[in-house]
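Presented below is the structure to which this report refers.
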Amino acid sequence: MAKPTNNIGAFKGTIDGITYYTLNGKWVCRKATPPNKERINNDPRYKAVRKNNQEFGGASSYAKAIRMGLLPYVHEFKDHSFNSRLTSRCLQLVKAGRGVKGERSINACNAPEKLVGLELNENNTLSDRLRFQPKLNKNARSVLVDFSGLKKEHIVAPEHATHFELLMIRYNLMPFTYDRKQQQYTSELDPEALEVLRMPTLPIAIDNIPQPIEYNLTFYSMYQYSWAYLEAPNPMFSMKTVAKKTAHTVWLGIRFGQENNGVLEAFPAHNAMQCLAIY
C-alpha cells in the first residue's frame, strides 16, 4: 500500500487501476487486484458470482446449439452482433427456467417470446425486406406456413434483383440442465444428433409470384430418431418423451439475386432472417 507524500490534489477515486482513499485519517493509494479464478471458485463471498457464471455458461451453450442448427446459412445472414444478442436472449431463457439460481433449466418453450422475432442482422431485418406475415397453422405433428396472398408490393428488393428465395428452417432443441458432477450445462442428447429441416424455395420471380406458397414443417422424423429411441430392448427415450421435451424453433429467411438455370445467384448482402415461432 502506497502513501502520497502530500495532499495536493487529494481526492477519492480510481485512475489507471490505482484507487485513492483515506485510511485512519491519512491518504493512501493501492492498486486494484481482481480476484483470481481459484478465489472465485472457492471463496464463499463469490457464491453469487459463481451462480451467474454457471448460468451464463449454460446460455452460451444453448446459443451455440442454436447457431449449429442454422448452419450452413447463419454466416450469410448474421451481423457481427448476432452471437452476443443471441446469448443475451438465451440468458433470459435461463432466468425463466425452473430450479435454483445457478442451475435453472434452459428450454425455449419456457419463454418463447424471448427468441421469437430475434433478427440475425439488426441492420437488415426481415420486416425491412418482407412486409408480409405468413399464416401459421399448427397441429400435433407439424406446422403449415402459408404465404397465400404474397404480392410484389410486399417485397422490398435491392437494386438489380430479379428473383428472391424464401428459406424455412425447423430446428429441434432438447432442454439444457446443469450437471453438478460435470459442473456445466448439458443436454440429454448432443445437439448434433437432433434433426434439422431446411426448406429453401426455388428462385421466385419478383414480377411473377406464384400462388400458393406453402411449407409443411414436420416437427420430427420417426426415421431420424429410430437409432436412439426405437431400437434395442431398452430404447433411450420414447417418441412421446421426445415430443414433450423438444422445442421446435422455426426460422424464416429471404435472399435476393438473379436466376441462372433454375439457381439463385444470391447477392452477398440484403439477406434477412428471424426466428418466426417456437412450439
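Values below: all heavy atoms of this structure, side chains included; hydrogens, waters and symmetry mates excluded.
- The backbone N or O of Leu120 lies less than 3.5 Å from a partner atom in the side chain of Arg85, making a donor-acceptor pair.
- Across Ile206 and Ala157, no two heavy atoms sit closer than the pair CD1-CB, 3.5 Å.
- With Arg104 contributing its side chain and Gly99 its backbone, the two residues share no donor-acceptor pair below 3.5 Å.
- The closest donor-acceptor contact from the side chain of Asn107 to the backbone of Pro175 lies at 3.5 Å or more, if one exists at all.
- In this structure, Val116 and Leu118 have side chains that are not in contact, with every pair of non-hydrogen atoms separated by 4.5 Å or more.
- At least one donor-acceptor pair closer than 3.5 Å links the side chain of Arg89 to the backbone N or O of Lys114.
- Using modelled atom types, no side-chain atom of Glu119 and backbone atom of Glu122 make a donor-acceptor pair closer than 3.5 Å.
- Asp146 and Ser148 form a side-chain donor-acceptor contact under 3.5 Å, judged by distance and modelled atom types alone.
- Listed for the Asn172 side chain is a donor-acceptor partner under 3.5 Å among the backbone atoms of Phe219.
- Met199 and Phe132 fall within a single hydrophobic cluster, where Ile, Leu, Val, Met, Phe, Trp and Tyr side chains are chained together by heavy-atom contacts under 4.5 Å.
- Note that CG of Leu217 and CG of Leu197 are 5.5 Å apart. Values are rounded to the nearest 0.5 Å.
- In this structure, CD on Gln92 lies 11.5 Å from OG1 on Thr87, to the nearest 0.5 angstrom.
- A donor and an acceptor atom, one from each side chain of Arg129 and His270, are located under 3.5 Å apart.
- Without hydrogens or angle criteria, Ser88 side chain to Ser84 main chain gives no donor-acceptor distance under 3.5 Å.
- For CD of Gln183, the number of neighbouring non-hydrogen atoms (other residues, nucleotides, ligands) closer than 6.0 Å is 12 at most.
- Ring planes of Phe256 and Phe164: tilted class, angle from 30 to 60°.
- A donor-acceptor distance shorter than 3.5 angstrom exists from the side chain of Asp179 to the backbone of Gln182, with no hydrogens or angles considered.
- Lys101 has no carboxylate O lying under 4.0 Å from a charged side-chain N of Glu55, or vice versa, which leaves the two without a salt bridge.
- With hydrogens and angles ignored, the 3.5 Å screen pairs no side-chain donor or acceptor of Ser142 with any backbone N or O of Asn216.
- Proximity of Leu115 to Ile278: side-chain heavy atoms (C-beta onward) are separated by under 4.5 Å at one or more points.
- Of the possible polar contacts, none joining the Tyr62 side chain to the Tyr185 backbone as a donor-acceptor pair under 3.5 Å is found.
- The CG atom of Leu276 sits 6.0 Å away from atom CD of Gln274, with the distance rounded to the nearest 0.5 Å.
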**Study point:** Candidate pair Leu252 and Leu130, rule side chain to side chain contact (heavy atoms under 4.5 Å, CB included), full reasoning
**Key:** CA-CA 10 Å; Leu252 169 62; Leu130 180 64; 4.1 Å; yes
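- Around atom CD of Glu153, more than 12 heavy atoms belonging to other residues, nucleotides or ligands sit under 6.0 Å away.
- Glu103 has a carboxylate O that lies under 4.0 Å from a charged side-chain N of Arg180, or vice versa, which qualifies the two as a salt bridge.
- Contact between Met174 and Ser187 at its shortest, heavy atoms only, is CB-OG, 3.5 Å.
- The two residues Leu86 and Ala63 make their nearest non-hydrogen contact at CD2-O, 3.5 Å.
- The neighbour count for Tyr73 OH, taken as heavy atoms of other residues, nucleotides or ligands under 6.0 Å away, is above 12.
- A distance of 12.0 Å separates CG of Leu126 from CH2 of Trp251, quoted to the nearest 0.5 Å.
- The line from CG of Leu150 to CD1 of Ile155 is 4.5 Å long, rounded to the nearest 0.5 Å.
- Heavy-atom minimum distance, Ile209 versus Ile213: CG2-CD1, 3.9 Å.
- For the atom pair CG (Asn139) and OG1 (Thr218), the distance works out to 10.5 Å, reported to the nearest 0.5 Å.
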